[in-house]
Amino acid sequence: MSREFTKVGVVGLGTMGAGIVEVFARNAIDVLAVEVDERALERGKGFLTASLDRAVSRGKMAQDDADTLRGHVTFTTDLADCADCQLVVEAVPEHLDLKKRILSTLDGIVGSDAILATNTSSLPVTEIAVATADPKRVVGMHFFNPAPVLQFVEVIKTVITADDVFEDVKALAERLGKKPVVVGDRAGFIANALLFGYLNHAVSMFESKYATREDLDAAMRFGCGYPMGPLALLDLIGLDTAYEILDTMYKQGRDRLHAPSPIIKQMVSAGLTGRKSGHGFYTYAGPSSSQVVGDSATPAADAADAAGLRPIAKVGVVGSGTMAGGIVEVFAKAGYDVIYVARGEDKVAGVRAQIEKNNARAIDKGRMTAEDAEALLGRLSGSTSRDALAEVDIVVEAIAEDLAIKQDLFRDLDRVCKAGAILATTTSSLPIIDLAAVTERPADVVGMHFFNPAQVMKLVEVVHTVATAPDVTASVVALTRAVGKHPVQCGDRSGFIVNALLFPYLNDAIKMLEAHYASADDIDTAMKTGCGLPMGPFELLDVVGLDVSLAIQRELYLEFREPGFAPAPLLEQLVQAGYLGRKTKRGFRTYA
Ligand SMILES: NC(=O)c1ccc[n+]([C@@H]2O[C@H](COP(=O)([O-])OP(=O)(O)OC[C@H]3O[C@@H](n4cnc5c(N)ncnc54)[C@H](O)[C@@H]3O)[C@@H](O)[C@H]2O)c1
């Protein structure tokens with residue numbers, strides 16, 4: 001017979017605990033909400049009230065329902081009040097000794113059939129369990145932040161947890177409308193084990209001034225469709241909690257990439273713990289506010305001095321593939337005259353035909369007028385000769401991803417293009433300086449990395465080399481804005497921002513699958529419902545192509561020599577077997 005849960009306890013009403021209280025109360029379960037002292041209890045009440053008021057004011061909850069919900073919650077500072085709870089979930093700070101003490105105390109308070117759960121993100125549940133007299137009834141119940149919103153719950157069973165205990169907790173999580181996955185006791189479980197390597201990597205990019213906080217966050221939002229950028233997410237999680245999670249992961253796995261970036265510890269010591277204190281990577285309107293306010297690091301609205309920009313009216317594009325065609329369309333749509341160069345009349349005609357087709361669809365859907373479509377086509381001219389690029393102000397190339405081929409092109413562009421013209425590449429993996437170096441004008445060479453499909457994706461990485469002139473970078477940033485895209489700036493390193501942050505995380509997911517810790521389905525569920533990512537890692541790998549993913553991962557490994565970036569053997573094997581993802585109908589999954 002499975003357990004009935006009519007009354008549960010939640011200990012610690014901070015970032016997570018207050019949300020967990022709300023989750024239970026929303027489902028008409030009586031909750032005993034416990035804090036360490038009266039002051040903390042008042043703060044915890046405040047979190048719940050603020051969350052309910054927000055839900056009511058946004059029309060997501062009726063006032064009556066909010067009142068009913070509140071009626072299910074009793075506040076106390078006495079753990080002994082948990083005596084008649086069938087389940088108690090602790091959500092106190094991420095410190096092993098504290099959690100052990102709380103659970104062993106609760107063990108002497110609750111009834112013999114009650115379950116004790118820890119919401120730890122990374123600490124060993126087994127070690128917490130054995131601090132109690134009855135470790136069989138101890139389980140991990142790891143909610144995600146914000147608990148009332150995110151559906152994912154990791155149920156952690158240790159080698160000692162009784163089957164009925166984790167099964168009942170899983171069933172309860174389902175009753176709460178969550179998507180629970182049962183996993184073993186490993187630091188970071190599924191979601192954090194994959195998330196925190198990525199977050200730590202973003203912090204190290206910030207710390208080394210590779211890119212600004214705004215650009216790092218915008219890159220992942222606009223380049224990958226993530227709901228939040230990594231630094232904003234760390235502020236939400238809390239830097240103190242993040243530090244403890246990374247530290248535990250590092251101690252368990254000794255993976256250098258999990259060693260907390262030094263700046264995290266410094267920020268915690270300085271009290272810059274994120275939203276909860278009002279200061280983290282960003283500054284907020286006040287403690288626990290989500291509203292970012294300007295500070296000394298906030299970039300000026302338009303930092304570029306227009307007078308210092310190179311005038312751009314006429315744009316050249318080289319190539320006729322998916323990216324080149326998309327880029328031609330983006331510029332022409334934004335009102336620029338575009339001259340594009342392809343390798344044959346058929347390819348020149350192909351680019352135009354594709355744009356005509358896209359226009360027709362836009363007209364059908366009422367998103368474009370026939371006159372605008374006509375005008376757009378009027379701004380286009382195609383050629384098979386690079387000499388046609390003599391008078392353009394900037395050339396963006398999107399030809400084959402091969403260094404020798406691109407270097408030939410850059411030698412040619414250097415010969416053909418007028419003095420002062422900017423030479424841009426949309427390479428995703430080649431060193432841009434190797435293209436600049438074959439020209440007589442390395443200061444005019446820059447990266448302009450569009451994302452696929454270029455017409456849709458808002459992000460453009462503007463990549464400067466050690467030789468790029470500042471006015472060239474500034475002009476390309478301004479041009480990116482002028483075509484309605486979001487520019488982020490970074491240096492000429494393998495993977496730039498997005499791929500360097502994305503692919504090691506995907507590779508980690510493959511290693512987790514390879515280690516049989518969790519299935520591809522569970523890992524995808526974890527990242528989608530626990531972190532709000534638009535796709536799970538295996539879905540995304542199959543879409544991107546396993547061969548492409550392997551090539552990028554190899555480049556990252558070769559450039560940074562990080563052992564942790566070495567491609568997962570399973571990825572190598574799948575590629576060798578010809579299982580490349582959707583395009584071959586088989587990758588991590590099989591497609592019809
Ligand atoms: N922040 C996240 O995104 C997140 C997500 C999932 C899980 N977690 C985990 O949840 C737990 C809590 O993290 P948080 O971010 O909510 O921390 P927090 O610092 O925001 O809240 C912790 C709360 O526990 C209270 N507390 C401390 N000692 C106590 C005691 N002896 N008895 C009762 N209450 C006590 C504190 O007053 C505070 O309100 C940690 O184990 C963390 O790893 C955090």
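Each ligand, and each atom within it, is numbered from 1 in the order the structure gives.
For Lys136, the NZ atom sits in a loose shell: 12 or fewer heavy atoms of surrounding residues, nucleotides or ligands are nearer than 6.0 Å. For Arg254, the CZ atom is densely surrounded, since the number of other residues' heavy atoms within 6.0 Å is greater than 12.
Residues Thr273 and Asp240 have side chains that never bring a donor and an acceptor to within less than 3.5 angstrom of each other. Side chain to side chain, Thr49 and Arg54 fail the donor-acceptor criterion of an N or O pair below 3.5 Å. Defined by atom type and a distance below 3.5 Å, a donor-acceptor pair is missing between the side-chain atoms of Asp185 and Thr158.
Contacts of ligand 1 (protein heavy-atom distance under 4.0 Å) are Val11, Gly12, Leu13, Gly14, Thr15, Met16, Glu35, Val36, Ala40, Arg43, Ala91, Val92, Pro93, Glu94, Leu98, Lys99, Ile102, Asn119, Thr120, Ser121, His142, Phe143, Asn145, Ile237, Thr241, Lys276.
Outside the 6.0 Å centre-distance limit, the rings of Phe281 and His279 are not counted as a close aromatic pair.
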